[in-house]
Every structure is written in C-alpha cells, then in structure tokens.
Amino acid sequence: MADISQQLQEQVLQARASGEKLNIVGGGSKTFMGREPSPGAGTLDMSGHTGIVDYHPVELVMTVRAGTPLVDIEAALAEQGQALHFEPPHFGAGSTIGGTLACNLSGPARPWAGSVRDQVLGIRLINGKGEHLRFGGEVMKNVAGYDVSRLQAGALGTLGVITEISLKVMPSPAASLTLVQDMAIDEVLHYMNSRAAEPKPITAACWVDGKVYLRLSGAKTAVEATAEKWSGDVMKDGQAFWRSVQDMQHEFFAEKDAPLWRFSVGSTADNPGLEGDWFIDWAGSQRWFRGAGELSDMETQARAAGGQVNLFRGGDRTGEVMHSQPNALKTIQRRVKSSFDPDGIFNPGRLYSWM
C-alpha cells in the first residue's frame, strides 16, 4: 500500500510549467484501447498508488486508490462474501480499478447489475492545474450539478488523474448455474430478450458459435426452480465460461491483432448485416464483430441498430476509433476538457484526435 498522490501532483505541476504532455499509465493492461498514445508525451505512472483506503462491509462501500489491482480488491471483498457486481474484466494481472473506470469496462452482468459508472459514489482527481479535488462521497445521494465522478467513465484519462475511487459493493450470490442450448443467430435475440423480461434471477445472457448461454444467480431455491422451468442443459463449467467472457479470454477473442468492433445497440435490433464472426452479449445490447472494415461503414450499421460502434482492439489506431460525434456534442466535450485540463496535458488525442 502506498499513497503517492503528492508525487503525482508535483509531476502534473512540473508538466504544466514546462509544457509537457503526459500519458497516464496504471497496470498497462489497457494500452490497446483508444487511439495510439502520444509518442512525445511523458509517462505518469499510477502503478505505485495502491491500497484500500477504507472499507465498510456493512455499509457496502469501499474506497481504494486508483492504482490498486483488481485482484487485490476482489480478494478483500471475497473475505466478506462480497463482490464487484459489474464484473470488471481483467486484461492482465496488473489490471487496476482506475483503468477500469477510465475505460468504462463492465462484464457479463452489466444489464442487470449496472456498469462501473453506476457503482461509483465519489472520486479524488488531480486536474490539469495540479489541484487535488474531491467529488461525490460515500453515499448514493450526494451530487448537485454535474456528476464529475461518473463523468470519468470512458474519458480514457483525458480529464484528469483519478487518485481515489469510492465504490458501492454487493453481496456475492448464494448460488449460480448456466443453461446452454443450440440456437441460430436469427432466433437468439428474441429468445434472450424474452427470458430477460421474466422476473427470474438471470444475470448474464450471450450467444457465440451457435449456442446461447444464460446464467442464473441468486437464492438457491430461485435458481434451481428457474432452471427446471427453462430449457437448456446445465453447463458443468459455467463459472469458467463466464470468467473467460468477462476477461475476454474466450477463443472468440483470441486473435489479438484482428480488428475487433464493439457495437452498443438496442437489444432487440436486427443484427448488422456484416459477413464475419459475431459474439452477442448483454442479451443483445453488446455485440462484438471480428473482421476488417471502415469506421464510417460500421457507424452506418450501428445507427440503423439504434446505437454506436467503436474499434475496440486491433486495426489502424492512428485514425479515429470511437464513433463520430455531432458538432454540438464536440463543442460540449471540448469545453469540459478545457475546464478540467486547460493546457491539454492528459492523454492527448487518446480518445479523439480533436481532444
């Protein structure tokens, strides 16, 4: 455990004084996300800023330093029979909670348990002026005006250096099992959404390689009763399967250099008409496509399905990788960026080339 916030603050102040840019790095497991890091920028290393600051199991609240590895957080929670219900993906042993929030990453339970953004109660942040600020707190209803804490979700570190995060945690489910059965892709969207609409303990639903997987978690009686009623075989290694989905270690994601597109669309929308391999998650709201293509063409497909798309991994990362924004939204984003980081110190061009 170490608190190096003062050192981080001093480095930001020095960078501002000298006109230096800074790439924020924690465990280094998510460097493939966003556009390529600026080659001329220095490195602000968060890996030494670790430790659980405060943990109240009865209150279901934990405060941690941003460089704390997820494995350390989950181990501490497991001792109390608790967990991070948004199931953060581990892209490596060094995956940190700060990077998880900055990249807005959540696992298979996202539609039912909420995202990392939904679990954040408050943060501490070093802005581009070198000020160490606190936003939010350790209770749910504590925000007036802009919710700065949740604004960091998906900002890829462009708004400041997250130093501490207060999170809501939850009890681990008493029982869990997975049902699996064969199903064609043109049938599975209706099926998953129909199941998700039922008042049953479903906590994950995905489709890959011609099979649909449904996870049931909660009270043992409710899980077993639902499994008896619904079709599908009980999967022997269900926990390992969902762990592979959560950490993107499933064989679908094995080709690290192949372009991997993430579609965030309406759960019931028809699947985009693209020839290639698909992995459908979140009962249809998140769809992964593996194959070459142009961002502009993918955006057309995504808009038709009521959502957005980004080049999540692989492909050309010197150009834009995020869904393009209308001019009005660009103006707002630039103003927010300027408010937090007036000199453009943090992760220049990482999210968009224009920010």
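Predicted model only: the values in this text are computed from it and were never measured.
Rounding to the nearest 0.5 angstrom, the gap separating the NE2 atom in His132 from the CG atom in Asn127 is 10.0 Å. Here the straight-line distance linking atom CE of Met192 with atom CD1 of Ile202 works out to 9.0 Å at 0.5 Å rounding. Put simply, CD1 on Ile4 and OG on Ser47 are 7.0 Å apart, with the number rounded to the nearest 0.5 Å. To the nearest 0.5 Å, atoms CG (Asp341) and CD1 (Ile126) are separated by 12.5 Å. Interatomic distance, CE of Met322 versus CZ of Arg35, reported as 10.5 Å (0.5 Å rounding). Of the inter-residue distances, the one linking Met355 atom CE with Arg334 atom CZ reads 9.5 Å to the nearest 0.5 angstrom.
Surrounding CZ of Arg134 are at most 12 heavy atoms belonging to other residues, nucleotides or ligands under 6.0 Å away. Annotation for Asp186: atom CG counts as buried by contact number, over 12 foreign heavy atoms lying within 6.0 Å. Other residues, nucleotides and ligands place no more than 12 heavy atoms under 6.0 Å from the CD atom of Glu294. Atom CD of Gln181 has more than 12 neighbouring heavy atoms from other residues, nucleotides or ligands inside a 6.0 Å radius. Within a 6.0 Å radius of NZ in Lys21, other residues, nucleotides and ligands contribute more than 12 heavy atoms. The 12-atom threshold is not exceeded at CG of Asp270, counting heavy atoms of other residues, nucleotides or ligands nearer than 6.0 Å. Around atom NZ of Lys236, no more than 12 heavy atoms belonging to other residues, nucleotides or ligands sit under 6.0 Å away. Atom NZ of Lys229 is surrounded by 12 or fewer heavy atoms from other residues, nucleotides or ligands within 6.0 Å.
Across Gly34 and Leu156, no two heavy atoms sit closer than the pair CA-CD1, 3.9 Å. Ala155 approaches Leu351 most closely through the heavy-atom pair O-CD2, 4.1 Å. Nearest heavy-atom pair across Ala15 and Ile345 is CB-CG2, 4.3 Å. Nearest heavy-atom pair, His250 versus Asp209, reported as atom, atom and distance to 0.1 Å: CE1-OD2, 4.2 Å. The nearest pair of heavy atoms linking Leu105 to Lys30 is CD1-CE, 3.5 Å. When all heavy atoms of Ser149 and Val120 are compared, the closest pair comes out as CB-CG1, 3.8 Å.
You'll find the side chain of Leu295 stays beyond 4.5 Å of the side chain of Leu311, heavy atoms only. Side chains of Ser38 and Asn23 form a contact here, defined as non-hydrogen atoms less than 4.5 Å apart. Gln82 places none of its side-chain heavy atoms less than 4.5 Å from the side chain of Met62. Two residues are said to be in side-chain contact when any heavy atoms from C-beta on lie closer than 4.5 Å; Gln325 and Gln308 meet this criterion. Side-chain atoms of Gln286 and Arg110, non-hydrogen and from C-beta on, never get closer than 4.5 Å to each other. The shortest side-chain heavy-atom distance between Val161 and Leu44 falls under the 4.5 Å cut-off. Using a 4.5 Å heavy-atom cutoff, the side chains of Trp207 and Asn271 are not in contact. With contacts defined as side-chain heavy-atom distances shorter than 4.5 Å, the pair Gln11/Leu22 qualifies.
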side-chain contact (heavy atoms from CB on, under 4.5 Å) between Glu74 and His90: does it pass, once the steps are laid out? CA-CA 11 Å; Glu74 291 170 341; His90 295 222; 3.0 Å; yes
Decide side-chain contact (heavy atoms from CB on, under 4.5 Å) for Lys330 and Tyr352; before the verdict, give the C-alpha distance in whole Å, the side-chain angles of both, and the deciding distance to 0.1 Å. CA-CA 10 Å; Lys330 283 184 179 181; Tyr352 300 105; over 6 Å; no
Decide yes or no on ring-ring contact (aromatic ring centres under 6.0 Å, His included) for Phe346 and Phe340, but give the supporting numbers first. CA-CA 10 Å; Phe346 302 125; Phe340 283 93; 10.0 Å; no
Could you walk me through whether Ile165 and Gln152 pass the side-chain contact (heavy atoms from CB on, under 4.5 Å) check? CA-CA 11 Å; Ile165 305 171; Gln152 308 308 312; over 6 Å; no
The test is side-chain contact (heavy atoms from CB on, under 4.5 Å); show your working for Val61 and Val169 and say whether it passes. CA-CA 6 Å; Val61 173; Val169 300; over 6 Å; no
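Side-chain atoms of Thr68 come within 3.5 Å of backbone N or O of Gly51 as a donor-acceptor pair. Checked by atom type and distance alone, the side chain of Arg287 never pairs as donor or acceptor with a backbone atom of Val265 at under 3.5 Å. No donor-acceptor pair closer than 3.5 Å links the side chain of His323 to the backbone N or O of Asn310. A donor-acceptor pair is defined here as one N or O able to donate and one able to accept, closer than 3.5 Å; such a pair exists between the side chain of His85 and the backbone of Pro171. When atom types are taken as modelled, the side chain of Gln9 and the backbone of Gly130 share a donor-acceptor pair closer than 3.5 angstrom. Although no hydrogens or angles enter the test, the distance criterion places a donor-acceptor pair under 3.5 Å between the side chain of Asn193 and the main chain of Ser267. Listed for the Thr226 side chain is a donor-acceptor partner under 3.5 Å among the backbone atoms of Ala222. Judged purely by atom type and a 3.5 angstrom limit, Glu299 uses its side chain to pair as donor or acceptor with the backbone of Ser324. Between the Arg215 side chain and the Thr203 main chain, a donor and an acceptor come within less than 3.5 Å of each other. No donor-acceptor distance shorter than 3.5 angstrom exists from the side chain of Arg65 to the backbone of Gly48, with no hydrogens or angles considered.
When ring centroids are compared, Trp288 and Phe312 come within the 6.0 Å threshold. A centroid separation of less than 6.0 Å is found between the aromatic rings of Phe253 and Phe279.
Of the listed residues (Phe252, Trp261, Phe289), just one forms a ring pair (Phe, Tyr, Trp, His ring centres under 6.0 Å) with Trp278, and that residue is Phe289. When the options Val208, Leu179, Val245, Asp281 are evaluated for a side-chain contact (heavy atoms from CB on, under 4.5 Å) with Tyr213, the one that passes is Val208. For the side-chain contact (heavy atoms from CB on, under 4.5 Å) with Pro88, the qualifying choice from Thr100, Leu101, Asp247 is Thr100, the only one to do so.
For Asp316, the side chain to side chain contact (heavy atoms under 4.5 Å, CB included) test picks out Thr318, with sequence neighbours left out.
Residues Leu125 and Leu151 fall within the same hydrophobic cluster, defined by Ile, Leu, Val, Met, Phe, Trp and Tyr side chains chained together at heavy-atom separations under 4.5 Å. The cluster map of Ile, Leu, Val, Met, Phe, Trp and Tyr, joined by side-chain heavy atoms under 4.5 Å apart, puts Trp354 and Val336 in different clusters. Linking Ile, Leu, Val, Met, Phe, Trp and Tyr whenever their side-chain heavy atoms come within less than 4.5 Å puts Ile52 and Leu70 in one cluster.
Between the side chains of Asp3 and Ser5, a donor-acceptor pair is found at a separation under 3.5 Å. Gln80 and Tyr55 are not linked by any side-chain donor-acceptor pair at a separation below 3.5 angstrom, with hydrogens and angles left out of the test. Side-chain contact check for Ser115 and Asp118: at least one donor-acceptor pair (N or O, by modelled atom type) lies under 3.5 Å. A donor-acceptor contact closer than 3.5 angstrom links the side chains of Glu198 and Trp230.
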